[in-house]
Amino acid sequence: MTSEANTSTAPAHPPRERYDPSTIEPRWQARWDELGMHRTDLRDDTRPKYYLLTMYDYPSGDLHIGHWSIKVPTDAISRYRRMNGFNVFFPVGFDAFGLPAENAAIKSGVHPATWTMANIERMRGQLRSMGATFDWEAELVTATPEFYRWNQWFFLKFLEKGLAYRAMAPVDWCPKDQVVLAREQVEGAERRCWRCGTPVVKRDLEQWFYRTTAYADELLEYPGLDWPEPIRTMQRNWIGRSEGAEVEFTVAPDEVQPGGDNIRVFTTRPDTLFGATFLVLAPEHALVDSLTHPEQRDEVDAYRLASRRKSEIDRLSTDREKTGVALGSDALNPISGERIPIWIADYVLLGYGTGAIMAVPAHDARDFAFAQRFELPIRRVIQAHGQEEALVEDAFVAHTPDEVLVDSGPFTGMPAPEGASAITETLESRGQGKGSVTYRLRDWLVSRQRAWGTPIPVVYCEAEPSCGVVPLGEDQLPVLLPEDFEFRPQGGNALEFDERFLRTACPRCGGVGRRETDTLETFVDSSWYWWRYLSPKEDDAPLDRDLVDRWCPVDQYTGGAEHAVMHLLYSRFFAKALADLGLISEREPFRRLFNQGQILGQDGERMSKSRGNVQDPDELVQRFGADTVRLFLMFMKPWEADAPWSATGIGGVHRFLSRVWTVVLDPHGTEASESESGGQAGGDAEMDPPAARRELLRLAHRTLRDVSELYEGYRFNVLIAKLMELTNGLMRARGTAVAGSGEWQESIRLTLLMLAPLAPHMAEELWSRRLAEAGEGWRSVHAERWPAWDPALITEDTVELPVQINGKLRDRVSLPLGLSQADIEGAVMGREKVRANLAGKEVVRVIHVPDRLVNIVVR
RNA sequence: GCCGAAGUGGCGGAAUGGCAGACGCGAUGGUCUCAAACACCAUUGAGUGCAAGCUCGUGUGGGUUCGAAUCCCACCUUCGGCACCA
């Protein structure tokens with residue numbers, strides 16, 4: 001039908017302008033900047049607010065493709081929400097304290113601040129090339145005094161409120177270099193120092209803690225939050241709330257010590273108290289020394305030393321053979337009076353519960369393994385109700401519902417839960433125990449023995465013993481880091497050797513004082529930075545209460561699942577603590593959370609500079625343009641999935657954008673080969689023009705429906721596939737009578753609007769050309785309203801129904817919508833293929849899923 | 001080890017109880033070209049058949065269901081976290 005038109009217009013058609021992102025992209029970036037399009041008016045209340053936050057970056061130096069894959073889809077959300085009428089705030093900043101800057105300082109002698117700021121400067125430029133809608137006016141850098149002074153301020157508030165305290169805690173220590181090591185600086189199963197290879201030991205230091213356990217129960221709740229279930233599960237398990245009882249055993253007198261000391265144990269199963277056949281203390285437990293018999297002394301000391309060298313993961317590993325040593329002393333069971341031996345073993349941790357357990361080998365897998373290894377008695381005290389067979393000795397019994405106590409004195413025969421409370425009550429009445437709850441969650445150790453961090457604002461008075469540890473006054477903040485540092489080759493905290501930093505007057509007595517040299521770990525910075533984004537230059541307060549109340553909680557937070565537990569729990573802790581300090585109103589920081597996946601190096605490992613597997617986006621941006629790189633990152637995998645990096649396939653995405661370019665700017669052209677190969681392929685060509693035009697518009701609206709829904713679920717890879725299908729449809733209609741029609745124009749308009757959040761530069765360019773062509777003034781495509789799809793347009797009047805026989809596909813029937821089940825069955829049964837397949841068989845049942853399928857069950 | 005997640009064509013992935021492999025890459029053949037590149041068109045899970053078709057097929061083994069990639073149980077492999085990398 002259109003072949004004559006094609007051949008007659010083709011020669012007169014001017015050569016098509018090629019898609020050239022290298023001229024388009026910088027031009028629009030400059031224009032958006034000039035217009036301040038991405039600056040958010042935080043006081044604008046004419047539109048609903050939308051606080052979009054993406055985890056800020058550590059300024060390692062180069063922005064790699066992984067940074068892009070975090071930020072690009074978040075930027076698409078930002079643009080999509082703007083088009084949906086929201087006032088979006090999308091800030092950017094840098095998590096600028098931390099170990100790598102200090103390592104660089106050790107290596108090259110350059111000040112960590114110099115190294116960090118140079119990296120930030122470089123990354124700013126790379127971030128800008130992305131064409132993202134970051135509000136650079138709100139940028140913050142945590143390593144500047146304007147930011148970190150407020151860490152100090154919060155520290156003082158927490159101290160006042162009892163949420164910060166000082167206690168002993170172990171660190172990894174290199175005995176040769178005399179420095180504290182970070183976990184990543186301890187290498188291999190041997191746990192050796194990364195620099196000198198010396199085996200690392202644990203050393204106890206006085207350190208600062210934030211009392212996260214004060215909110216343990218509240219942290220288990222997620223009121224009104226839209227968080228992924230796996231993340232909540234991980235957090236709940238991390239908090240690890242256990243209900244049970246504390247039971248007091250008494251040390252039995254013997255020839256070495258008089259006895260009478262109390263050993264408190266925590267158990268989740270007080271109902272098994274009669275089955276306790278030994279006690280186990282953590283090797284670090286305070287009573288170990290006094291309870292050790294002389295003949296056991298050497299073995300006990302050796303064991304305690306060995307366990308100091310092990311990592312916690314090692315100690316808790318359940319498949320490794322159990323180790324332990326008997327102390328020689330015994331304890332008395334408070335309820336049965338039974339005398340049982342006391343052991344130490346490294347699978348019991350000092351920091352959990354009371355640092356001591358009663359071992360019930362018959363009913364706990366770890367105790368069972370331990371008892372077997374050391375031939376300790378195993379006594380069964382729980383049995384399934386009504387089970388008559390003799391008690392089996394020497395066997396671990398898994399818990400089942402419907403259990404009763406056996407061999408448990410007066411409690412025998414009680415159902416297990418009842419037995420637990422009865423035993424707990426009895427203990428409580430005698431002052432030998434009580435119901436108790438314990439948590440796996442520990443208080444947050446915020447001290448770091450490093451120079452490149454927030455100095456902790458306290459002074460140790462050396463003049464007057466009664467002063468002790470003295471917090472600075474608010475008016476004495478900030479405690480500034482020195483302008484120059486002396487980093488020693490073996491590492492260690494440079495602040496400890498900086499006399500100008502160390503020497504200060506005691507704030508209480510004015511005498512000689514020494515500053516705290518520990519700094520706050522960087523998770524402290526990341527626990528409140530989103531409030532600071534709202535007023536990054538504010539001098540008088542950490543945050544602007546009015547703006548925080550207006551904008552928080554954050555509507556959408558995006559970042560890696562590697563932060564599932566620590567960062568996200570610390571942030572929630574801060575929200576609760578600040579609310580209790582009266583500084584903010586909301587108790588939760590992030591309303592909706594999305595954990596995107598990571599792009600790994602080509603080796604399948606996490607991308608990092610030290611591994612040398614970092615992929616630089618700059619070259620790809622130069623070759624294909626930012627829009628193509630953006631689109632490719634969103635197309636190559638579901639956002640939440642991890643995947644190793646490979647640029648294979650980026651050409652396909654670039655071709656897709658070129659096709660969009662072609663259908664918009666050259667609707668009537670044809671490819672040189674098309675006339676030769678028979679014109680337009682596909683069904684549309686056979687349709688009469690009005691039907692083909694309607695079909696195109698139907699496709700566009702169906703795409704709009706799907707794409708709108710897919711944006712809401714952040715399913716960018718599928719969304720882009722839908723846009724490709726629409727573009728393929730436009731490509732097929734190009735050069736036919738459909739091209740240029742009203743339906744065509746509308747389909748093009750929808751395509752550009754749907755594409756705008758993903759490929760913002762190209763969409764803007766093509767949008768502006770269409771406006772110019774129509775003689776209209778310029779408006780940004782990004783300021784347009786998101787279009788609505790027309791339900792009437794996309795309803796189908798027929799449906800193609802798959803027909804299965806015994807679940808196997810045998811035929812397809814095209815039927816009008818809304819037929820009765822009887823009519824459908826009639827139509828299906830009449831089909832030749834169906835009849836052939838049913839020959840000689842008995843129809844047992846017909847399953848009809850409306851508009852989905854028919855399944856005939858035969859025998 | 002413990003907690004969490006994921007295993008689908010040659011590759012990235014789609015389909016989350018109802019037509020497995022959308023979309024893209026790669027590959028093969030073709031059109032255009034002096035030629036190549038680009039672009040465009042066609043084919044492309046495996047096996048089998050002249051063909052209509054048939055059989056097999058979603059990490060492995062079992063189960064539930066008229067029907068399972070999808071739900072349940074066990075196992076294997078990979079990834080993230082395990083409290084001083086950020």
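Chain naming here is simple, since letters A, B, ... match the order of the sequence lines and numbering starts at 1 in each. Remember, it's a predicted structure, so these values are computed and weren't measured experimentally. Because only heavy atoms are used, hydrogens play no part in the values below, and waters and symmetry mates are left out as well, while side chains stay in.
- Residue A:R366 has no polar side-chain atom (N or O) positioned under 4.0 Å from OP1 or OP2 of B:C2.
- Of the candidate nucleotides B:A14, B:G4, B:A83, B:A83 has the atom lying nearest to any side-chain atom of A:Y570.
- Between A:D62 atom CG and B:A86 atom C1' there is a gap of 17 Å when expressed in whole angstrom units.
- At a threshold of 4.0 angstrom between heavy atoms, the contacts of A:F523 include nucleobase atoms, whether or not backbone atoms are also involved.
- Atom P of B:C23 sits at a distance of 31 Å from the matching atom of B:C72, rounded to the whole Å.
- Distance, A:L755 CG to B:C23 C1': 15 Å, rounded to whole Å.
- Anti is the conformation of B:G7, whose glycosidic angle sits further than 90° from 0.
- Aromatic ring pairs are classed by plane angle as parallel below 30°, tilted from 30° to 60° and perpendicular above 60°; the pair A:H563 and A:F523 is perpendicular.
- Note on A:V180: a base of the nucleic acid sits closer than 4.0 angstrom, heavy atoms only.
- For the P atoms, the distance linking B:C32 with B:C41 amounts to 15 Å, nearest Å.
- When both pairing distances are held under 3.5 Å, B:C50 makes no Watson-Crick or G-U pair with any nucleotide shown.
- Comparing B:G67, B:A14, B:A86 by their nearest atom to the side chain of A:M566 picks out B:A86.
- Taking atom CD1 on A:I650 and atom P on B:G26, their separation rounds to 12 Å, with Å as the unit.
- Residue A:V844 is classed as having no contact, given no heavy-atom separation below 4.0 Å to the nucleic acid.
- Between A:Y711 and A:L719 the shortest side-chain heavy-atom distance falls below 4.5 Å.
- In this structure, NE2 of A:H67 is placed 14 Å from P of B:A86, rounded to the nearest angstrom.
- At B:A83, one or more side-chain N or O atoms of A:R183 fall inside 4.0 Å of OP1 or OP2 (strictly under the cut-off).
- Residue A:K833 places no side-chain N or O under 4.0 Å from the OP1 or OP2 atom of B:A52.
- Pair assignment for B:A35 gives none, since no Watson-Crick or G-U wobble pairing has each distance under 3.5 Å.
- Comparing atom distances between the A:E521 side chain and each of B:G67, B:G24, B:C84 picks out B:C84 as nearest.
- Dashed line: the shortest gap from a side-chain N or O of A:N728 to OP1 or OP2 of B:G24 is under 4.0 Å.
- With rounding to whole Å, A:I599 atom CD1 is found 16 Å from B:G80 atom C1'.
- If you check every strand for non-hydrogen atoms under 4.0 Å, A:R448 touches a base.
- At least one cation-pi condition fails for A:R18 and A:W661: the charged atom is not both under 6.0 angstrom from the six-membered ring centre and inside a 45 degree cone around its axis.
- At a cut-off of 3.5 angstrom, the base of B:C3 holds no donor-acceptor pair with the side chain of A:N237.
- Residue contacts for A:W444: at a heavy-atom cut-off of 4.0 Å it reaches no nucleic acid atom on any strand shown.
- The nucleotide B:C79 finds its pairing partner in B:G4, both defining distances of the Watson-Crick or G-U wobble pair being shorter than 3.5 Å.
- Of the listed nucleotides (B:G4, B:C85, B:C84), B:G4 has the atom at the smallest distance from the side chain of A:M234.
- Counting non-hydrogen atoms under 4.0 angstrom, A:Q449 reaches a base of the nucleic acid.
- Distance check on atom P: B:C71 versus B:A14 gives 15 Å, rounded to whole Å.
- As judged by a 4.0 angstrom heavy-atom cut-off over every strand, A:Y58 is placed among residues touching the sugar-phosphate backbone only.
- Screening A:N493, A:D518, A:T517, A:T519 for a side chain to side chain donor-acceptor pair (under 3.5 Å) involving A:Q449 leaves a single residue, A:D518.
- A:V565 comes within 4.0 angstrom of no nucleic acid atom, judged by non-hydrogen atoms across all strands.
- Ring centroids of A:F635 and A:F716 are separated by 6.0 Å or more, keeping the two rings apart.
- For A:W444 and A:Y570, the gap between ring centers is short of 6.0 Å.
- With ring centers used as reference points, A:F370 lies under 6.0 Å from A:Y347.
- Aromatic ring pairs are classed by plane angle as parallel below 30°, tilted from 30° to 60° and perpendicular above 60°; the pair A:Y714 and A:F594 is perpendicular.
- Dashed line: the shortest gap from a side-chain N or O of A:R845 to OP1 or OP2 of B:C66 is under 4.0 Å.
- B:A37 and B:U28: their P atoms are spaced 12 Å apart (whole Å).
- Summarising the geometry, the separation between CZ on A:F632 and P on B:C23 is reported as 18 Å, rounded to the nearest angstrom.
- Set against B:A86, B:A22, B:C79, the side chain of A:L99 has B:A86 as its closest nucleotide.
- Side-chain to base pairing of A:Q207 with B:C84: one donor and one acceptor N or O lie within less than 3.5 Å of each other.
- In this structure, A:H563 reaches the bases: a heavy-atom distance under 4.0 Å links it to at least one base atom across the strands shown.
- A:R655 comes within 4.0 angstrom of the backbone, heavy atoms only, and of no base.
- Here A:R715 reaches the OP1 or OP2 of B:A15: one of its side-chain N or O atoms lies under 4.0 Å away.
- B:A20 sits 14 Å from B:A46 when the C1' atoms are compared, rounded to a whole Å.
- Contact annotation: the side chain of A:L726 approaches that of A:L699 to within less than 4.5 Å [non-hydrogen atoms, C-beta and beyond].
- Pairing for B:C85 is absent, judged as Watson-Crick or G-U wobble with the two contacts each under 3.5 Å.
- Nucleotides B:C11 and B:U55 place their C1' atoms 27 Å apart, quoted to the nearest Å.
- Closest approach to the A:N717 side chain among B:C84, B:A14, B:G24 is made by B:A14 (side chain taken as heavy atoms from C-beta onward).
- Nucleotides B:U60 and B:U48 are separated by 22 Å at their P atoms, to the nearest Å.
- Which of B:C84, B:G13, B:C54 sits closest to the side chain of A:A643 comes down to B:G13.
- We find that CD1 of A:I847 is positioned 9 Å from C1' of B:U65, with the value rounded to whole Å.
- Judged by Watson-Crick or G-U wobble contacts below 3.5 Å, the nucleotide B:A42 has B:U28 as its partner.
- Computed from coordinates, the A:L441 CG to B:C2 P distance equals 21 Å when rounded to whole Å.
- Under the Watson-Crick or G-U wobble criterion, with both distances below 3.5 Å, B:G18 is paired with B:C66.
- For A:D95, the side-chain atoms get nearest to B:A86 when compared with the rest of B:A14, B:C40, B:A86.
- Residue-level contact check: A:Q804 touches the bases, meaning some heavy atom is under 4.0 Å from a base atom.
- Proximity note for A:K637 (side chain, C-beta onward) versus B:C84, B:G13, B:C38: the nearest is B:G13.
- As judged by a 4.0 angstrom heavy-atom cut-off over every strand, A:N806 is placed among residues making no nucleic acid contact.
- Between A:Q207 and A:V171, some side-chain heavy-atom pair lies under the 4.5 Å cut-off.
- Distance check on atom C1': B:U65 versus B:G10 gives 35 Å, rounded to whole Å.
- Residue-level contact check: A:R659 touches the backbone only, with heavy atoms under 4.0 Å from sugar-phosphate atoms and none from bases.
- With distances taken from any side-chain atom of A:K808 to the nucleotides B:A86, B:C56, B:A14, the minimum falls on B:C56.
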